[in-house]
Chemist: 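Please read through the structure below; I'll follow up with questions.
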Amino acid sequence: MEKLADLVVKKLIDKQREYDNQFHEDLTDVMSEGLGEAKFINEEELILSEIGRLMTLLSAYEDSEQYEKAAIIKNKLEKLKTKLDKL
């Protein structure tokens with residue numbers, strides 16, 4: 001049974017590596033060719049969108065009195081704001 005489980009896990013890992021490699025190749029191709037009018041978002045925009053998402057979650061957790069989850073979200077927000085200030 002253990003050998004069979006090891007084989008299954010090995011096949012799953014190999015398949016995931018295959019997908020990951022293909023994804024990276026496709027992404028490299030897209031970035032090198034460009035997308036015409038499409039633009040990639042920069043790090044600042046990404047951080048700002050994540051801050052917005054987390055603030056929505058924070059509000060929802062506070063409203064539903066899930067203070068432990070709210071504290072985790074608040075910590076993540078503080079880290080992102082610090083990172084944004086460093087940009």
Side-chain angles (χ1 to χ4, degrees):
M1 287 291 263
E2 204 166 306
K3 286 182 181 180
L4 179 60
D6 289 341
L7 286 172
V8 170
V9 169
K10 184 184 179 319
K11 285 194 177 268
L12 287 172
I13 290 171
D14 289 344
K15 192 56 114 170
Q16 185 61 49
R17 282 190 186 133
E18 227 177 273
Y19 288 134
D20 290 346
N21 289 337
Q22 186 62 47
F23 173 79
H24 290 292
E25 288 175 21
D26 292 345
L27 183 60
T28 302
D29 289 346
V30 166
M31 291 180 74
S32 66
E33 293 173 6
L35 293 176
E37 296 294 317
K39 296 179 183 176
F40 290 100
I41 61 172
N42 63 28
E43 188 175 5
E44 182 180 9
E45 292 169 333
L46 184 62
I47 291 172
L48 288 172
S49 66
E50 183 65 6
I51 287 173
R53 185 184 76 82
L54 290 174
M55 289 179 76
T56 303
L57 277 175
L58 178 63
S59 177
Y61 287 145
E62 288 174 342
D63 290 345
S64 63
E65 298 180 3
Q66 296 180 11
Y67 299 115
E68 290 176 5
K69 290 180 181 179
I72 293 168
I73 297 298
K74 187 176 178 186
N75 187 25
K76 289 181 180 184
L77 276 167
E78 289 171 2
K79 288 179 182 178
L80 282 175
K81 287 179 182 179
T82 301
K83 189 173 184 178
L84 186 61
D85 289 341
K86 291 180 181 179
L87 289 180

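Computed over heavy atoms, backbone and side chain alike; hydrogens, waters and symmetry mates excluded.
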Chemist: Mind checking what makes side-chain hydrogen bond (donor to acceptor under 3.5 Å, both in side chains) contact with Gln22, not counting sequence neighbours?
Modeler: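 Gln22: side-chain hydrogen bond (donor to acceptor under 3.5 Å, both in side chains) contacts with Asp26.
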Chemist: Clusters formed by hydrophobic residues whose side-chain heavy atoms approach within less than 4.5 Å: which one holds Met55, and what are its other members?
Modeler: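 When side chains under 4.5 Å apart are linked, the cluster holding Met55 also contains Ile47, Leu48, Ile51, Leu54, Leu57, Leu58, Tyr61, Ile73, Leu77, Leu80, Leu84, Leu87.
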Chemist: Please list all pairs passing the salt bridge (charged side-chain N to carboxylate O under 4.0 Å, His left out) test where one or both residues lie in residues 60-84, with sequence neighbours left out.
Modeler: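 Those involving residues 60-84 are Glu43-Lys83.
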Chemist: What residues join Met1 in its hydrophobic cluster, counting side-chain heavy atom gaps under 4.5 Å, either direct or through other members?
Modeler: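 When side chains under 4.5 Å apart are linked, Met1 ends up in no cluster with other residues.
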Chemist: Look at the side chain of Asn21 and the backbone N and O of Arg17, then say whether any donor-acceptor pair between them is shorter than 3.5 Å.
Modeler: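 Yes.
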Chemist: List in chain and number order the residues that pass side-chain hydrogen bond (donor to acceptor under 3.5 Å, both in side chains) with Glu50, two or more places apart in sequence or in another chain; answer none if no residue qualifies.
Modeler: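 Result, side-chain hydrogen bond (donor to acceptor under 3.5 Å, both in side chains) vs Glu50: Arg53.
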Chemist: Output yes when a side-chain donor or acceptor of Ser49 lies under 3.5 Å from a complementary backbone atom of Leu46, and no otherwise.
Modeler: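 Yes; judged by distance alone, with no hydrogens or angles, the pair exists.
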Chemist: Just distance, no hydrogens or angles: give the donor-acceptor pairs under 3.5 Å from side chains in residues 7-16, sequence neighbours left out.
Modeler:
from	atom 1	to	atom 2	distance (Å)
Lys10	NZ	Asp14	OD2	2.9
Gln16	NE2	Asp20	OD1	2.9

